[in-house]
There are 2 protein chains.
Amino acid sequence: MLRLTRRAEYGLMAMAFLAGRSESHISVREIGNNLAIPKRLLAEVLKDLARGGLVEGARGPNGGYRLLAEPELLPLGRVVEVLEGPIHVADCADGGSCEHESGCAIQHGMRFVAGRIKQVLDQSTLSDLLESAPAAAPTPPPQRMPV
Amino acid sequence: MLRLTRRAEYGLMAMAFLAGRSESHISVREIGNNLAIPKRLLAEVLKDLARGGLVEGARGPNGGYRLLAEPELLPLGRVVEVLEGPIHVADCADGGSCEHESGCAIQHGMRFVAGRIKQVLDQSTLSDLLESAPAAAPTPPPQRMPV
DNA sequence: TTGAAGAGCATGAGATTAGTGCTAAATTAG
DNA sequence: CTAATTTAGCACTAATCTCATGCTCTTCAA
Ligand code: SF4
Ligand code: SF4
C-alpha cells in the first residue's frame, strides 16, 4: 500500500534523535521517553539497526546506542532497508522477480517508476530529514529511460 | 512496506491493456486471458476503476470496459488512489494526521519525502508507463522546501 | 555482587490483502 | 419473450504481515 511501516518510522525517529547527541551512548529508555514510542518495540528496532551496522549498542550501565554513520552520508533508503528489507515497490523492481515477468507490458515502465521512488529515499539523507529540506541538495538531472 | 498492492498493479496492467483498444468495450474475460491474472479478482479491480470514473463499464453481450481518461493525461497516482485509497507514505503526509504529530522532529522532513514519492506517481502518466519512459517528460525543477 | 542495559527468541493479537462465491441487474441476440 | 452474456454489488475465507509484548541470557560498570 505504498507506506512505510511503523518500524521504519520509529527507526528514523530514533536515528534522528541520536544524530544530535552522537558523543555518548543513549539508552532505549531515554530515547523512548523523548519520542513517545512503545519502548519495547523501539528496543527491537534499535537492535535491528545495530545488526545492520547503522548504530552501535553498548550494554551495562551508561550503555545504549550511538550513531555510527554520518547523518550527511546516510541515505534514508539504507535505514528503511535495514528495518524492512529490500525496497520493492513492485515485485520485478530492483532485482526482484515476478511470475508475470514474461509478457508484462508495463514491466519496463514499472521498473523505472519503482526506481524513481527508490531514488527519492536513496538521495535523501538523515540530515536532510532533520533539516526538513531533503533532496534539496542533489536534485537529479533529467533522466530518460534507455529503451 | 512501501509496496504497491496487487490490486493496484492489476489495475495498471488492465488500464495499459485498455489503452491500446479504446474504440470498443473489452470484457474482463478477454483482458484476463491476455494478462494471466485471476479473472475474478481482475473483475473486482475493474469494478473499482469504474466507480472511480477511470473506465466505463457496459453490461450484456459485447459489453466490457472502455478507457475513459486519456492515457497521456492520466497520472498513475490517480489509478493507485482509486484502488488503494489515499497515498500516505507516512501517516502525517498529504493531509493525514498522526498521533506523534506534536513534537515529532522529523515530521517536516518526512512530509517532504513523502510528497516527493507521491510526485513520482503523480507526474508519471499511463502512457509513460507504456512507453517505458515515465517522467522523462516533466522532470521536476529543483525544489527547496519552504522552511 | 548487584543493578542497568542490550541481545536473542518467541509468541499472540490485530490489520490488511488476495482471492473466491453468489446473486441481481442490464443488455443484446434470436 | 427468452436465453445468454456480462457487469454490479456484497460477503466471506484464508493467507500474510505488522504491531506489540514477554521472557531469558549476556555484558558491563560501580
Ligand atoms: S510490472 Fe509486471 S513484471 Fe513487474 S511486478 Fe508488476 S506484474 Fe510483475
Ligand atoms: S513523521 Fe512523525 S508525525 Fe509524521 S507520521 Fe511519522 S511519526 Fe507521525
Side-chain angles (χ1 to χ4, degrees), chain A residues 1-11 13-14 18 24-33 35-68 80 83-88 90-91 98-100, chain B residues 1-11 13-14 18 24-33 35-68 80 83-88 90-91 98-100:
Chain A
M1 53 209 200
L2 209 62
R3 173 200 194 102
L4 290 174
T5 61
R6 286 282 178 203
R7 287 171 57 87
E9 223 176 308
Y10 291 163
M13 292 171 77
L18 290 178
S24 66
H25 290 216
I26 319 264
S27 71
V28 170
R29 184 159 47 84
E30 182 167 355
I31 302 177
N33 285 340
L35 299 185
I37 289 176
K39 294 192 189 60
R40 187 62 190 71
L41 179 55
L42 177 60
E44 214 67 21
V45 168
L46 280 162
K47 258 185 288 187
D48 289 347
L49 289 175
R51 280 189 200 137
L54 300 188
V55 301
E56 177 205 52
R59 311 194 209 188
N62 304 324
Y65 291 96
R66 188 173 63 88
L67 201 59
L68 282 184
V80 173
L83 294 174
E84 300 189 353
I87 298 176
H88 283 163
D91 282 356
C98 165
E99 48 180 347
H100 302 109
Chain B
M1 52 208 196
L2 210 61
R3 175 199 192 101
L4 290 174
T5 61
R6 286 283 178 201
R7 287 172 57 87
E9 223 176 305
Y10 291 164
M13 292 171 77
L18 290 179
S24 66
H25 289 212
I26 321 262
S27 71
V28 169
R29 185 160 45 85
E30 182 166 355
I31 302 177
N33 285 340
L35 299 185
I37 290 176
K39 295 192 189 60
R40 186 65 190 70
L41 180 54
L42 177 61
E44 215 67 20
V45 168
L46 280 162
K47 259 184 289 187
D48 288 349
L49 289 175
R51 281 191 199 134
L54 300 188
V55 300
E56 177 204 54
R59 312 196 209 188
N62 304 324
Y65 291 96
R66 189 172 62 88
L67 203 59
L68 282 185
V80 173
L83 293 175
E84 299 189 355
I87 299 176
H88 283 162
D91 282 357
C98 165
E99 48 180 346
H100 303 107

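When reading the values below, keep in mind they use all heavy atoms of this one structure, side chains included, and skip hydrogens, waters and symmetry mates. From a predicted model like this one, the values you see are computed outputs, not experimental measurements. Sequence lines set the chain letters: A, B, ... in the order given, protein chains first and strands last, and positions in each chain run from 1.
Rounded to whole angstrom, the span from the NE2 atom of B:His25 across to the C1' atom of D:dT5 amounts to 15 Å. In this structure, A:Glu99 places its CD atom 13 Å from C1' of C:dG19, rounding to the nearest Å. To the nearest angstrom, P of C:dG3 lies 15 Å from CZ of A:Arg29. Regarding A:Leu2, its CG atom lies at a distance of 14 Å from the P atom of D:dT18, rounded to whole Å. Taking atom CG on A:Leu42 and atom C1' on C:dA5, their separation rounds to 13 Å, with Å as the unit.
When distances are taken from the side chain of A:Tyr65 to each of D:dC17, C:dA7, C:dA5, the shortest belongs to C:dA7. For B:Arg6, taking side-chain heavy atoms from C-beta onward, the closest of the listed nucleotides C:dA29, C:dA18, C:dG19 is C:dA18. In this structure, of D:dC19, D:dA20, C:dA18, it is D:dC19 that holds the atom nearest to the side chain of A:Arg7.
With hydrogens and angles ignored, no donor-acceptor pair under 3.5 angstrom links the side chain of A:Glu44 to the base of D:dC19.
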*Residues B:Thr5, B:Val80; criterion side chain to side chain contact (heavy atoms under 4.5 Å, CB included); working and verdict*: CA-CA 9 Å; B:Thr5 61; B:Val80 173; over 6 Å; no
*Criterion side chain to side chain contact (heavy atoms under 4.5 Å, CB included) on A:Met1 and B:Leu4, from CA distance to verdict*: CA-CA 5 Å; A:Met1 53 209 200; B:Leu4 290 174; over 6 Å; no
Compile the donor-acceptor pairs under 3.5 Å between side chains in residues 55-62 of chain A and protein atoms, sequence neighbours left out, one pair per line.
unit_1: A:Glu56; atom_1: OE1; unit_2: A:His25; atom_2: NE2; d: 3.1
unit_1: A:Glu56; atom_1: OE1; unit_2: A:Arg66; atom_2: NE; d: 3.3
unit_1: A:Glu56; atom_1: OE1; unit_2: A:Arg66; atom_2: NH2; d: 3.2

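When heavy atoms are screened at a 4.0 angstrom cut-off, A:Ala58 is found touching the sugar-phosphate backbone but no base atom.
Every residue two or more places apart in sequence or in another chain that forms a side chain to side chain contact (heavy atoms under 4.5 Å, CB included) with B:Arg51 is listed here: B:Asp48.
Of the two residues contacting DNA chain D, namely B:Ser27 and A:Lys39, the nearest-nucleotide position lying further toward the 5' end is that of B:Ser27.
Remark: B:Tyr10 is in phosphate contact with C:dG19, judged by side-chain N or O atoms under 4.0 Å from OP1 or OP2.
Counting heavy atoms from C-beta on, the side chains of A:Glu30 and A:Tyr65 never come closer than 4.5 Å.
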Which atoms of nucleotides 22-26 of chain C (N or O only) lie under 3.5 Å from a protein N or O atom, and what are those distances?
unit_1: C:dC22; atom_1: N4; unit_2: B:Arg40; atom_2: NH2; d: 2.9
unit_1: C:dA25; atom_1: N3; unit_2: B:Arg59; atom_2: NH1; d: 3.1

